[in-house]
Enquirer: 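Mind having a look at this structure? Questions to follow.
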There are 2 protein chains.
Amino acid sequence: MTPLDALDLHLLELIQADSRLSQGELGERIHLSTAAVNRRLKRLRDEGVIQRHGAVLSPAALGHPLTIVVEVEAESEQIERLDAMKQSFRDCPQVQQCYYVTGEWDFILVCVVRDMAQYTALTRQLFFQSNNVKRFRTLVTMDPVKVSLDVPVSAGP
Amino acid sequence: MTPLDALDLHLLELIQADSRLSQGELGERIHLSTAAVNRRLKRLRDEGVIQRHGAVLSPAALGHPLTIVVEVEAESEQIERLDAMKQSFRDCPQVQQCYYVTGEWDFILVCVVRDMAQYTALTRQLFFQSNNVKRFRTLVTMDPVKVSLDVPVSAGP
DNA sequence: TTTGAAAGCTCTGCCAT
DNA sequence: ATGGCAGAGCTTTCAAA
């Protein structure tokens, strides 16, 4: 994979914040021609640095105002059973994010739901119906202080 | 705010998955003219249902291959001190997400970092340097099973 | 509300540098 | 690698229904 130069990083920073900027506009900002921007973006997409272009929707506007973080401990850590759990989390639209982690718990989930009733139904489906959840703990979000998937682009300390 | 009809929801579902679909293409898929699609998208943006259009970048490709979940307990729950904490989390590029939650812990953070050394530096900056962190617990991600901000669009159970 | 068309932009490939 | 250009395609607005 081609290493990223300063212009690539600048480009990524801009389209991460707003993917609707036209290639002409991007070119102006980083002092490159439209064609050059076009080529770089294509390369970055082909190499997988840019994974996808998506619209970020308001959960509240779509009737899912509640964000809930769930800590989950698995019964058995057999790969097969863990994979089945992972798949059930991936398949559930209400599960926005799932991380398999070290430490006290095995999984951390972030869920978006309509109300507590829907969350209760979700726990039935995901945890009680599974035969591999030892225990889970629910953390209800009072304030989604920061929600993004943005990656630091500048060099960093 | 105008209530969302079935066509709006279909549109949102499509551009949430891929915001690069052209308005003509979207129109074909939901059987509407380009102009009608254009107007609905504008309305959805103006109303804040569509919050932003962004590119999702690969953390690994940008040199941030480690995702770390952190549970944080605050010393004092004075609004002023909590707000200061929230702001420090918002301002930190390595903190992708922060939720202020009920229960055992006060904050859940999701961080993306280059390596453990950078994470250590981050904890210094965010936790030790703060005068309001009682304790925190680190959960290192072994597998980012599902990472998205997608919101369920269909009606749901 | 909708469609259809017109004007203006944007993307993309080609060629010269 | 880059910039300039041209044709195709896309977005946006407007009149009409």
Side-chain angles (χ1 to χ4, degrees), chain A residues 1-58 60-63 148-156, chain B residues 1-58 60-63 148-151 153-155:
Chain A
M1 197 190 91
T2 320
L4 305 171
D5 67 15
L7 259 31
D8 289 329
L9 294 177
H10 200 161
L11 219 38
L12 291 168
E13 192 169 17
L14 290 170
I15 61 158
Q16 171 167 253
D18 182 3
S19 64
R20 276 165 49 95
L21 290 170
S22 73
Q23 297 180 167
E25 174 106 29
L26 291 169
E28 266 184 31
R29 300 214 195 167
I30 67 171
H31 308 292
L32 224 54
S33 73
T34 317
V37 170
N38 187 290
R39 270 190 301 265
R40 280 170 182 261
L41 287 179
K42 176 158 172 28
R43 196 192 76 226
L44 292 167
R45 262 183 261 118
D46 291 346
E47 286 175 347
V49 180
I50 298 172
Q51 295 183 327
R52 53 188 276 258
H53 293 250
V56 179
L57 310 183
S58 157
L62 282 152
S148 86
L149 295 181
D150 288 3
V151 180
V153 171
S154 26
Chain B
M1 196 189 93
T2 320
L4 305 171
D5 67 15
L7 259 31
D8 289 329
L9 294 177
H10 199 159
L11 218 38
L12 290 169
E13 192 170 15
L14 290 170
I15 61 157
Q16 173 167 253
D18 181 4
S19 64
R20 275 165 51 96
L21 290 170
S22 75
Q23 298 180 167
E25 175 108 29
L26 292 168
E28 267 185 30
R29 300 214 194 167
I30 68 171
H31 307 293
L32 224 56
S33 73
T34 315
V37 169
N38 186 288
R39 239 173 311 105
R40 291 173 101 108
L41 287 179
K42 176 161 171 25
R43 198 192 75 227
L44 292 167
R45 261 185 260 121
D46 290 348
E47 287 176 345
V49 180
I50 299 172
Q51 295 184 327
R52 52 187 276 255
H53 293 250
V56 179
L57 309 183
S58 157
L62 281 152
S148 87
L149 295 181
D150 287 4
V151 180
V153 170
S154 28

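Letters A, B, ... are given to chains in the order of the sequence lines, protein chains preceding strands, and every chain is numbered from 1. Note that the coordinates shown come from a computational prediction; the quantities given were computed from them, not determined experimentally.
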Enquirer: List in chain and number order the residues that pass side-chain contact (heavy atoms from CB on, under 4.5 Å) with A:S22, two or more places apart in sequence or in another chain; answer none if no residue qualifies.
Expert: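 Partners of A:S22 under the side-chain contact (heavy atoms from CB on, under 4.5 Å) test: A:E25.
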Enquirer: So if I take residues 36-56 of chain B and measure heavy-atom distances to DNA chain C, which residues fall below 4.0 Å?
Expert: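 Heavy-atom contacts with DNA chain C come from B:A36, B:R39, B:R40.
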Enquirer: Do B:L4 and A:L62 have side chains that get closer than 4.5 Å, going by heavy atoms?
Expert: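 Contact flag for B:L4/A:L62 side chains = yes.
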Enquirer: In Å and rounded to the nearest 0.5 Å, what is the CZ to CG distance from B:R40 to B:L12?
Expert: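 Rounded to the nearest 0.5 Å, the CZ-CG separation comes out at 10.0 Å.
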Enquirer: Does either side chain, that of B:E13 or that of B:S154, offer a donor lying less than 3.5 Å from an acceptor on the other one?
Expert: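 Per modelled atom types, B:E13 and B:S154 side chains form no pair under 3.5 Å.
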Enquirer: Can you find a pair of side-chain heavy atoms, one from B:L44 and one from A:L57, that are under 4.5 Å apart?
Expert: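 They are not in side-chain contact.
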Enquirer: The criterion is side-chain hydrogen bond (donor to acceptor under 3.5 Å, both in side chains); which residues satisfy it with A:R43, sequence neighbours excluded?
Expert: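 Applying side-chain hydrogen bond (donor to acceptor under 3.5 Å, both in side chains) to A:R43 gives A:D8.
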Enquirer: Got a sec, which residues hit side-chain hydrogen bond (donor to acceptor under 3.5 Å, both in side chains) with B:R20, two or more places apart in sequence or on another chain?
Expert: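 Here no residue qualifies.
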Enquirer: What distance do A:H53 atom NE2 and B:L21 atom CG have between them, rounded to the nearest 0.5 Å?
Expert: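 CG of B:L21 is found 11.5 Å from NE2 of A:H53.
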Enquirer: As a test of understanding, state which of B:L26, B:D5, B:I30 forms a side-chain contact (heavy atoms from CB on, under 4.5 Å) with B:H10.
Expert: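 For B:H10, the side-chain contact (heavy atoms from CB on, under 4.5 Å) test succeeds with only one of B:L26, B:D5, B:I30, which is B:I30.
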Enquirer: Mind running a 4.0 Å heavy-atom check of residues 20-28 of chain A against DNA chain D and sending the residues that fall below it, in number order?
Expert: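 Nucleic-acid contacts, sorted: none.
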Enquirer: Specify the residue among B:T34 and A:L7 whose closest nucleotide of DNA chain D lies further upstream toward the 5′ end.
Expert: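 Looking at DNA chain D, the more 5' nearest nucleotide goes with A:L7.
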Enquirer: Does A:R52 form a salt bridge (Lys or Arg N to Asp or Glu O under 4.0 Å) with B:D150? I'd like the steps, not just the answer.
Expert: CA-CA 13 Å; A:R52 53 188 276 258; B:D150 287 4; 3.6 Å; yes
Enquirer: Reading DNA chain D from 5' to 3', where do the contacts with chain B start and stop? Cut-off is 4.0 Å to heavy atoms.
Expert: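 Range of nucleotides within reach of chain B: D:dC10 to D:dT13.
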